[in-house]
There are 2 protein chains.
Amino acid sequence: MQYLNPYIENCLEGPDSLFKGLNSKDKETIAGHHTVNHVRRGDYLFREGEKSRGLICLSTGKAKVFKEGVGGREQIVKMVRQNGFIGYRALFTENIWSFSAAAIEDSNICVLEKTTLVKLMKKNADLTMKFTRILSEELGYSNSRTISLTQKHIRGRLAESLIVLRDTYGFDEDGKTLNVSLSREDIAGLSNMTTSNAIRTLSGLSSDGIIGVKGRRITIIDTTTLEHICNLG
Amino acid sequence: MQYLNPYIENCLEGPDSLFKGLNSKDKETIAGHHTVNHVRRGDYLFREGEKSRGLICLSTGKAKVFKEGVGGREQIVKMVRQNGFIGYRALFTENIWSFSAAAIEDSNICVLEKTTLVKLMKKNADLTMKFTRILSEELGYSNSRTISLTQKHIRGRLAESLIVLRDTYGFDEDGKTLNVSLSREDIAGLSNMTTSNAIRTLSGLSSDGIIGVKGRRITIIDTTTLEHICNLG
DNA sequence: CCTTTGTTATGTTATTTAACATAACCGGGT
DNA sequence: ACCCGGTTATGTTAAATAACATAACAAAGG
């Protein structure tokens, strides 16, 4: 099948795509109703309060989904990897984004038209089931995050964030360096702590030999201990 | 249509039932594959780690869904009202409960068989869409709760909990007394704080004339201020 | 009616975390 | 190379919250 651009192809055919297994005709319909946007590092994909234009597929790059609190403090609710989708929720309920999203690397997004998707789902229970499954998983993830962020201590929360980053973005070729470059502020936003505390706690884990820190490159040295801190901290 | 017992009837025909609009034949199928359980106040509906038997409908009563943390401290993730459903997630992904649930009043639950429901959903995109919609709503709720519980101060968290309780269970006939009786420990678990702090903060709101407290009966006196504290606390 | 047991209330102390202040560092642009 | 602005690092202080201790109270059962 021929696609207009590599970005939409990636969204529809990529390794983890929701739309795997969909028939070519339906894929064509989706591909026929999308727009591509280039987003620079640091730029917003969308802001809380804006109207959703559809389901967003992060074709290339990396992004964060977050809520802006008082005083500019952000709480990150989700880190998104290549081929990840954003905005299942705005698809089915509200049309208004209840969170903001920003690129943490230069990215390309495809916006898949809401009405097209909903129309497809109405006659394709299989596709709808896939959405349901993903929403369930996200719900489970969100609920566990709530528990972690409220009950764990600062060290445990940071450890968990590092594990989340590893699970989301994986390692560099060396097999130990996290394949993502985040500011300390973002790490703090992900871990529900202040930037100072993120820096301090990273230093702590580093001097304990559990992780290595060189600027924004973070290596996980002692996975077992890190997971231990995550589970019991 | 005739049902075997009032409990399953409630689940299928109750005001907020997921299954509203389903045709009689399908409803009959669901009704043909369920079990009813009576649960006493304080008893578990299920425990984290147990195998799910299906989708639970709280036919009568009230319940809480929670995670048990270290030292017996509970974080409540959801309060369930009459005719509420529990366990969408276990239906689609894991078969294992990742949370526990307990009755906070004597209750009757219907357990609707997983395979029956999944089979129905596979051929009924409409029903599946309903699940999808509810899951989206729950996901949105869960994400906002994460933000609230992590970013708000203790007074704001408690105010939010009271509002959640009002929105879930409503008021008594007097139009101001919360129609639910929770221990201070449960209020604490819902608000992510210790029991002592729940008691103290309730006293505080009470002496400020925002709420009234007489044992477990809580009245909301000044809604505007309470919502204000919730939003800016 | 009294005992028992769990819940609620309140004061005190300890701990965790945020807030603030300042300095060192680092990368990009000229 | 050198400045500049943002990031990172580290120390100090303040605030929020948990932990602990104890007492009052209330409901349930003998």
Side-chain angles (χ1 to χ4, degrees), chain A residues 40-43 69-75 102 104-106 148-161 178 180-208 211-218 229 232-233, chain B residues 40-43 69-75 102 104-106 148-161 178 180-208 211-218 229 232-233:
Chain A
R40 301 272 285 280
R41 183 163 100 95
D43 285 353
V70 276
R73 187 150 161 227
E74 297 176 354
Q75 176 65 49
I104 56 174
E105 278 182 10
D106 288 3
S148 299
L149 291 177
T150 54
Q151 301 220 331
K152 287 182 185 172
H153 282 181
I154 211 162
R155 208 173 154 89
R157 298 205 302 272
L158 184 68
E160 179 165 304
S161 292
L178 289 177
V180 60
S181 164
L182 284 181
S183 68
R184 300 294 193 265
E185 197 179 352
D186 278 339
I187 293 176
L190 186 61
S191 316
N192 181 35
M193 60 184 68
T194 55
T195 308
S196 303
N197 276 327
I199 292 166
R200 229 186 290 270
T201 314
L202 277 173
S203 301
L205 290 177
S206 168
S207 52
D208 289 356
I211 63 171
V213 176
K214 195 178 275 175
R216 292 188 172 193
R217 306 264 90 195
I218 297 173
I229 292 169
L232 301 174
Chain B
R40 301 273 285 281
R41 184 162 99 95
D43 284 354
V70 275
R73 187 152 159 225
E74 295 177 356
Q75 176 64 47
I104 57 174
E105 279 182 8
D106 288 5
S148 300
L149 292 177
T150 54
Q151 301 220 332
K152 287 182 184 172
H153 281 183
I154 212 162
R155 209 174 154 90
R157 297 205 302 273
L158 185 68
E160 179 167 305
S161 292
L178 290 178
V180 60
S181 163
L182 283 181
S183 68
R184 301 294 193 264
E185 197 180 351
D186 278 340
I187 293 176
L190 185 61
S191 317
N192 182 33
M193 60 185 68
T194 55
T195 308
S196 303
N197 276 327
I199 291 167
R200 230 185 291 268
T201 313
L202 277 174
S203 302
L205 289 176
S206 168
S207 52
D208 290 354
I211 63 171
V213 176
K214 194 177 276 175
R216 294 190 172 190
R217 305 265 90 195
I218 297 174
I229 292 170
L232 301 175

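Residue numbers start from 1 in every chain, and the chains themselves are labelled A, B, ... in the order their sequence lines are given, proteins ahead of strands. Treat the numbers as computed from the prediction; the structure is a model and nothing was measured.
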query = How far apart are the C-alpha atoms of Arg73(A) and Asn192(A), what are their side-chain angles, what is the distance that settles it, and do they pass the side chain to side chain contact (heavy atoms under 4.5 Å, CB included) test?
reply = CA-CA 9 Å; Arg73(A) 187 150 161 227; Asn192(A) 181 35; 3.3 Å; yes
ask   = Looking at residues at least two apart in the chain, or sitting in another chain, which of them share a side chain to side chain contact (heavy atoms under 4.5 Å, CB included) with Thr195(B)?
value =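 Counting only residues at least two positions away or on another chain, Thr195(B) forms a side chain to side chain contact (heavy atoms under 4.5 Å, CB included) with Arg184(B), Glu185(B), Ala188(B), Ile199(B).
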request  = Would you please name every residue forming a side chain to side chain contact (heavy atoms under 4.5 Å, CB included) with Glu74(B), sequence neighbours left out?
outcome  =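 Per chain and number, Glu74(B) pairs via side chain to side chain contact (heavy atoms under 4.5 Å, CB included) with Lys64(B), Phe66(B), Asp186(B).
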inquiry  = Could you tell me the boundaries of the chain B footprint on DNA chain C, defined by atoms under 4.0 Å from its heavy atoms?
reply    =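 Going 5' to 3' along DNA chain C, contacts run dT7(C) to dT12(C).
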task = For Asp43(B), check side chain to side chain donor-acceptor pair (under 3.5 Å) against everything at least two apart and list the hits.
result =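 Here no residue qualifies.
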task = With sequence neighbours excluded, tell me which residues meet side chain to side chain donor-acceptor pair (under 3.5 Å) with Thr201(A).
result =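 For Thr201(A), no residue satisfies side chain to side chain donor-acceptor pair (under 3.5 Å) once neighbours in sequence are set aside.
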ask   = How long is the gap from NE2 on His153(A) to CD1 on Ile229(A), to the nearest 0.5 Å?
value =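 That separation rounds to 14.0 Å.
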request  = Start with the C-alpha gap between Arg155(B) and Asp208(B), add the side-chain angles, then the distance that decides, and say whether side chain to side chain contact (heavy atoms under 4.5 Å, CB included) holds.
outcome  = CA-CA 12 Å; Arg155(B) 209 174 154 90; Asp208(B) 290 354; 2.6 Å; yes
note = Between Ile154(B) and Ser196(B), whichever has its closest DNA chain D nucleotide further toward 5' is Ile154(B)
Close N or O pairs between protein and nucleotides 3-5 of chain D (under 3.5 Å):
none

Difference in axis direction between the ends of the helix from dC1(C)-dG30(D) to dT30(C)-dA1(D), five pairs, 10° =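 One end's axis against the other's: 40°.
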Protein-nucleic acid N or O pairs under 3.5 Å, nucleotides 13-15 of chain D:
none

key: Interatomic distance, Lys214(B) NZ vs dA27(D) P [rounded to whole Å]   = 13 Å
key: For atom CG of Leu158(B) and atom C1' of dA16(D), their distance in whole Å   =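 For the pair Leu158(B) CG and dA16(D) C1', the rounded distance is 15 Å.
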Within 6.0 angstrom of Arg41(B) CZ, more than 12 heavy atoms from elsewhere =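 No, because the 6.0 Å sphere around CZ of Arg41(B) holds 12 heavy atoms or fewer from other groups.
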message = Does any part of the side chain of Leu149(B), heavy atoms only, come nearer than 4.5 Å to the side chain of Leu149(A), both counted from C-beta?
response = no
ask   = Are any of Asn197(B)'s side-chain N or O atoms less than 4.0 Å away from OP1 or OP2 of dT17(D)?
value =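 It does not, given that no N or O in the side chain of Asn197(B) lies less than 4.0 Å from OP1 or OP2 of dT17(D).
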message = Test of understanding: with salt bridge (charged side-chain N to carboxylate O under 4.0 Å, His left out), list the residues that count as partners of Asp106(B), not counting sequence neighbours.
response =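 Partners of Asp106(B) under the salt bridge (charged side-chain N to carboxylate O under 4.0 Å, His left out) test: none.
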ask   = For Arg216(A), what residues pass the salt bridge (charged side-chain N to carboxylate O under 4.0 Å, His left out) criterion, not counting sequence neighbours?
value = none
Check: protein-nucleotides 6-8 of chain D nitrogen or oxygen pairs below 3.5 Å:
from	atom 1	to	atom 2	distance (Å)
dT8(D)	OP1	Arg216(A)	NE	3.0
dT8(D)	OP2	Arg184(A)	N	2.9

inquiry  = Evaluate Arg157(A) against Ser148(A) for side chain to side chain contact (heavy atoms under 4.5 Å, CB included), listing each step before the verdict.
reply    = CA-CA 7 Å; Arg157(A) 298 205 302 272; Ser148(A) 299; over 6 Å; no
ask   = At under 4.0 Å between heavy atoms, what does Arg157(A) touch on the DNA or RNA strands: base, sugar-phosphate, or nothing?
value =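 Arg157(A): backbone/sugar contact only, no base atoms under 4.0 Å.
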query = How would you list all residue pairs meeting salt bridge (Lys or Arg N to Asp or Glu O under 4.0 Å) that involve residues 189-202 of chain A, not counting sequence neighbours?
reply = none
